[in-house]
Amino acid sequence: KPWIVLGPRSALFSPLKDVGLIVIDEAHDNSYKQDQSPYYQAQRVAAKLANLANAKCVMGTATPRVSDYYSFKQHGATIARMDKPVNDAMLAPKVQIIDRTDKSKFTKSFLFSDALLKQVQDTISLNQQSLIFLNRRGTARLVVCETCGWQAQCPDCDIPLIYHKDEHILRCHTCGYNESPPTVCAECNNTEIVFQAAGSKALEAELKKHFPHANIMRFDSDTPSALTLHKQYEAVNSGQIDILVGTQMLAKGLHLPNLTLVGVPFADSSLYLPDFTAEEQTYQLLTQVMGRVGRTNNQSCVIIQSYNPKNPAILAATTKNWESFYQSQIAARSRHKLPPFYNLLQLTCSRKNNSSAEKTAKEYASKIKTDLPEVVVLGPSPAFHHKSSAGYRWQIVVKAKNRQALTKIIGSLPSGWSYNLDPVNLL
């Protein structure tokens, strides 16, 4: 009797006698990596299980991870591209990119362009739905020039520097580099430097001001349990909600027949996260949320607002040009010794006070450099989530071509340290 097992990553350990096919849906998703004991990455486990059972393994995703795609190509794996819509009657959405540095396009609201506000109003008039999407995980105080779109970046790691208001300093959370906040833009010398992080609550409040009679609902981690997407799905699906506001939980898997407008007020907000996968995450999220429209024969629209409208991730997502994005990412990864060309190990220590954590991290980083001169050691630096109820966290990032050098470090890790081998991000 045939069996079909549906489940999360742990379903891979189901006691089946004769496995013939393993399918990993949304194979790019970071949740397939388990960062607590037992540590494993579901994609690796699935591939090994398929090999042992002489079964087929299918990784399904519209936005493959750069490292995975590189590995598939290197190993000659079959890559099946779906470049045509399921139904010829589907109308592709019209995509418009709005430059946030052009203030003439934001006369009614700092958050929403005149074009986006008009499109929301037109959509409401047609009794159709709008989705206003904030594409970020976590919170990062961005440092960006409102005139030209320049952003403060680490000169060594090529990732955004994060502003810390309490210390009034910009810091790289990978290598520890820091500098004083700029008073003028390094590119255009303008003084209009923004230090902020937009939130979904601010978007909701602004929308209520402009559309007081619309039914607006926000879905994010702060949503009360009685108003979660799961419990409000029927109202959302039937079109009772005029405007949906939220983060990535709205970007994946939903088919809403009345949804004809997607607006992304800060398309580059996830680009400001201090992580080497920031552009990849941005490409994935934008592609996913744009996929919520263009699924019917109704004409739909996507409006993207960005301080950096020519960013490769944004251009590739809006033009559905995966190949150009992949090539730009592979070149950058090779240049900065990142996966898939190098293996990564993230080491984190936690101590009651900050000075103790910093001292411990510096001493251990020095020991690694002495014992293993063939690896590259970045940091130590304060972890992105630096302070918690347990104390203060500092991290070290180790790069190595030979993965065995990293497992050697894990094998002799002192007490009080935690590790993350092959981290999907460094936050």
Side-chain angles (χ1 to χ4, degrees), residues 92-126 128-136 142-151 185 188 190 192-214 216-218 220 242-248 250-251 259-272 282-283 285-294 299-319:
K94 296 179 179 178
V95 180
Q96 183 178 3
I97 302 179
I98 305 292
D99 187 347
R100 287 198 64 93
T101 65
D102 186 348
K103 294 182 180 178
S104 67
K105 296 179 179 179
F106 291 80
T107 63
K108 299 175 182 177
S109 168
F110 165 73
L111 294 176
F112 304 111
S113 63
D114 298 350
L116 181 52
L117 290 174
K118 181 182 184 302
Q119 194 64 47
V120 172
Q121 183 58 66
D122 291 347
T123 302
I124 293 173
S125 300
L126 293 171
Q128 295 172 343
Q129 286 178 315
S130 302
L131 167 59
I132 304 300
F133 177 68
L134 185 62
N135 62 321
R136 65 180 176 87
L142 61 89
V143 181
V144 64
C145 174
E146 281 199 294
T147 301
C148 72
W150 168 86
Q151 62 173 303
C185 173
C188 69
N190 199 285
E192 295 188 25
I193 305 296
V194 177
F195 297 81
Q196 68 172 19
S200 51
K201 289 182 180 179
L203 299 183
E204 180 188 26
E206 184 76 357
L207 286 167
K208 286 181 176 179
K209 186 170 70 175
H210 287 275
F211 307 103
H213 302 297
I216 302 172
M217 188 163 284
R218 172 175 53 84
D220 57 23
D242 298 314
I243 306 174
L244 308 172
V245 183
T247 51
Q248 54 185 311
L250 293 175
L259 183 68
T260 57
L261 170 64
V262 167
V264 187
F266 294 92
D268 40 13
S269 60
S270 54
L271 290 172
Y272 298 115
T282 298
Y283 174 87
L285 284 169
L286 286 180
T287 301
Q288 294 283 337
V289 75
M290 288 172 62
R292 296 315 97 210
V293 292
Q299 184 61 65
S300 56
C301 179
V302 176
I303 296 182
I304 305 288
Q305 298 178 176
S306 172
Y307 284 111
N308 190 2
K310 295 183 179 180
N311 179 273
I314 293 174
L315 287 177
T318 53
T319 58

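Computation of the quantities below employed the complete heavy-atom set of this structure, encompassing side-chain atoms and omitting hydrogens, waters and symmetry-equivalent molecules. Start at 1 with the first residue, then count along the sequence.
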Please report the shortest heavy-atom distance between P93 and C301, naming the atom on each side.
-> CB-N, 4.3 Å
Within the distance-only criterion (no hydrogens, no angle test), does the side chain of Q96 pair as donor or acceptor with the backbone N or O of V302 below 3.5 angstrom?
-> no
Of all heavy-atom pairs linking Y283 and A313, the shortest is CD1-O, 3.8 Å
Taking I303 as the fixed residue, which of V264, V120, L117, I98 is the one that meets the side chain to side chain contact (heavy atoms under 4.5 Å, CB included) rule?
-> I98
Distance-minimising heavy-atom pair for W150 and C185 | CB-SG, 3.6 Å
From D242, L244, L207, residue fulfilling side chain to side chain contact (heavy atoms under 4.5 Å, CB included) relative to I216 | L207
Apply the side chain to side chain contact (heavy atoms under 4.5 Å, CB included) test between V262 and each candidate in I132, V293, L286; give the one that qualifies.
-> V293
Residues L259 and S130: closest non-hydrogen pair is CD1-C, 3.7 Å
Say you draw a straight line from CG of L203 to NZ of K208; how long is it, rounded to the nearest 0.5 Å?
-> 12.5 Å
Starting from the C-alpha separation in whole Å, work towards a yes-or-no answer on side-chain contact (heavy atoms from CB on, under 4.5 Å) for D268 and T282.
-> CA-CA 7 Å; D268 40 13; T282 298; 6.0 Å; no
Calculate, to the nearest 0.5 Å, the distance between atoms CZ and CZ belonging to F112 and F211 respectively.
-> 8.5 Å
List in chain and number order the residues that pass side-chain hydrogen bond (donor to acceptor under 3.5 Å, both in side chains) with K118, two or more places apart in sequence or in another chain; answer none if no residue qualifies.
-> D122
If you take all heavy atoms of G263 and L116, which pair is closest and at what distance?
-> CA-CD1, 4.0 Å
Drop me the distance from I193's CD1 to T147's OG1, to the nearest 0.5 angstrom.
-> 7.5 Å
Go through the structure and list residues passing side-chain hydrogen bond (donor to acceptor under 3.5 Å, both in side chains) with D99, not counting sequence neighbours.
-> T101
Stepwise side-chain hydrogen bond (donor to acceptor under 3.5 Å, both in side chains) test for T260 and Q299 | CA-CA 7 Å; T260 57; Q299 184 61 65; over 6 Å; no
So, T107 side chain and S104 main chain: donor-acceptor pair closer than 3.5 Å or not?
-> no
Side-chain H-bond candidate by donor/acceptor type, S113 with Q305, under 3.5 Å = yes
Compute both the distance and the angle, then confirm whether R100 meets the cation-pi test with F110: under 6.0 Å from the six-membered ring centre, within 45 degrees of the axis.
-> yes
OH of Y307 to SG of C148: how many Å apart, nearest 0.5 Å?
-> 11.5 Å
Approximate separation, where rounding is to 0.5 Å, of L261 CG and L131 CG | 8.0 Å
Looking only at heavy atoms, what is the nearest atom pair of D102 and F106, with distance?
-> O-CD1, 3.5 Å
Go through the steps for H210 and S109 under the test side-chain contact (heavy atoms from CB on, under 4.5 Å), then give the verdict.
-> CA-CA 9 Å; H210 287 275; S109 168; 3.6 Å; yes
Kindly compute the distance separating CE (M290) from CZ (R292), expressed to the nearest 0.5 Å.
-> 11.5 Å
